[in-house]
Amino acid sequence: MPELPEVEVVRLGLQAHVAGRTIREAEVLHPRAIRRHALGAEDFTQRLAGTRVEAARRRGKYLWLELSDKEALLAHLGMSGQMLVQPEGAPDEKHLRVRLRFDDDGPELRFVDQRTFGGLALDDLNEVLLPDTIAHIARDPMDPEFDLDAAVRALRSRRTEVKRALLDQTLVSGIGNIYADEALWRARLHWSRPTGKLTLAKGRELLSAASDVMNAALGAGGTSFDALYVNVNGQSGYFDRSLDAYGQESMPCHRCGTAIRREPFMNRSSFSCPRCQPRPRPNSGR
DNA sequence: CGTTCATCCTGAGAGC
DNA sequence: TGCTCTCAGGATGAAC
């Protein structure tokens, strides 16, 4: 389940193994994987052939290969997407969706995605070299120009529950269900707390916690829960052993020992400590 | 405009 | 053993 740290690991791998190489041909094995490319598979492959990859970039959970001529190959890994660098001739993966071959006859780049929530598309780069279709995505906490106080203001201006706001990629990007639960645990906040009632200090604490936990995950090579997430070299991460809240139902809280609870949240789950992160009282404050 | 919610997909695991 | 059911999620666009 790639969130920012996992995507960054993939970006680093792409920068190391793909940047500077020229694409010889692209092959689309499943049309759904390029559904965001409005002009279709033929246009996709024609435009990629002969193009040089200048660099691998990322914002939040989006990843792109910067190409010559102000174009980008934009990628989102979705739930189960992988970028694999494989020798030519290696057997096709079961869920291989797109293959790029290079004119140096070196290893191929393969986009493999079991659930096909992710995908690739060609996009134009705007004046600040950002793909047009992700102009609405906010800077993430690892962006050198990330403005913590501006992000806190954006969160607090919402009239919703704090976890919904954390997951809104137009406010702060890169945070998914896992790191949202971890950040809330660190900041001792229940997911349903109204954003409007967060103090400035608590907002800063929350986003700092999100930044810290994602940096820690990046240091460990990303989180992995099953074989679905593999980095560009095919190696899984191992940060999951360090999680404090996500997936820890009925395990003792690492701060107070109370059993972690699991609650339904937006058709999925939210994990929290009942003692450290008490549910807000219906009519408190205001 | 702001906010919420169903939808896409496949395989693992549980329950019978 | 083999079937059915539930769950896991991010981003989008429709609905309120």
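Remember, it's a predicted structure, so these values are computed and weren't measured experimentally. The sequence lines fix the lettering, A, B, ..., with proteins before strands; numbering per chain opens at 1.
Distances shown here put every side-chain N or O of A:H76 at or beyond 4.0 Å from the OP1 or OP2 atom of C:dG10. Put simply, A:R159 has no side-chain N or O that comes within less than 4.0 Å of OP1 or OP2 on B:dT4. Between A:T116 and B:dT10 there is no side-chain polar atom (N or O) within less than 4.0 angstrom of OP1 or OP2. Proximity of A:K94 to the phosphate of B:dG11: a side-chain N or O atom is located under 4.0 Å from OP1 or OP2. OP1 and OP2 of B:dC9 both lie 4.0 Å or more from every side-chain N or O belonging to A:Q114. For A:N177 and C:dA8, the shortest distance from a side-chain N or O to OP1 or OP2 is not below 4.0 Å.
Between A:L171 atom CG and C:dG10 atom C1' the separation is 15 Å, expressed in whole Å. Here C:dT12 presents its P atom at 14 Å from CG of A:L167, a figure rounded to the nearest Å. Taking atom CD1 of A:I137 as the reference point, atom C1' of C:dG10 lies 10 Å away to the nearest angstrom. Spacing between atom CG of A:D168 and atom P of B:dC1 amounts to 15 Å, rounded to whole angstrom units. C:dG10 atom P lies 12 Å from atom CG of A:L166, rounded to whole Å. Rounded to a whole Å, the CG atom of A:N267 is 17 Å from the P atom of B:dC9. A straight line from CE of A:M266 to P of C:dT12 spans 14 Å, rounded to a whole angstrom. Nucleotide C:dA8 holds its C1' atom 9 Å from the CZ atom of A:F117, rounded to whole Å.
Here A:H136 lies in heavy-atom contact (under 4.0 Å) with sugar-phosphate atoms only. Using a 4.0 Å heavy-atom distance criterion, A:G78 is classed as making no nucleic acid contact. Residue-level contact check: A:R35 touches neither bases nor backbone, having no heavy atom under 4.0 Å from any strand. A:R97 comes within 4.0 angstrom of nothing in the nucleic acid, heavy atoms only. A:F265 comes within 4.0 angstrom of no nucleic acid atom, judged by non-hydrogen atoms across all strands.
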Stepwise side chain to side chain contact (heavy atoms under 4.5 Å, CB included) test for A:V18 and A:F102: CA-CA 9 Å; A:V18 177; A:F102 296 87; 3.7 Å; yes
A:L243/A:F271 under side chain to side chain contact (heavy atoms under 4.5 Å, CB included): CA gap, chis, key distance, verdict: CA-CA 11 Å; A:L243 294 176; A:F271 299 88; over 6 Å; no
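Ion pairing between a basic and an acidic side chain is recognised when a charged N comes within 4.0 Å of a carboxylate O; A:R158 and A:D168 show such pairing. Salt-bridge check for A:E3 with A:K61: failed, with every basic side-chain N at 4.0 Å or more from each acidic carboxylate O.
Applying the 3.5 Å distance criterion, the base of C:dG10 shares no donor-acceptor pair with the side chain of A:R115.
Shown here for A:R24 and A:D103, the closest heavy-atom pair between the two residues is CB-N, 3.7 Å.
A donor-acceptor contact closer than 3.5 angstrom links the side chains of A:S270 and A:D181.
Distances from the side chain of A:H95 to the nucleotides C:dT12, C:dG10, B:dT10 place B:dT10 closest.
For the pair A:R268 and A:T160, both in contact range of DNA chain B, the more 5′-proximal nearest nucleotide belongs to A:T160.
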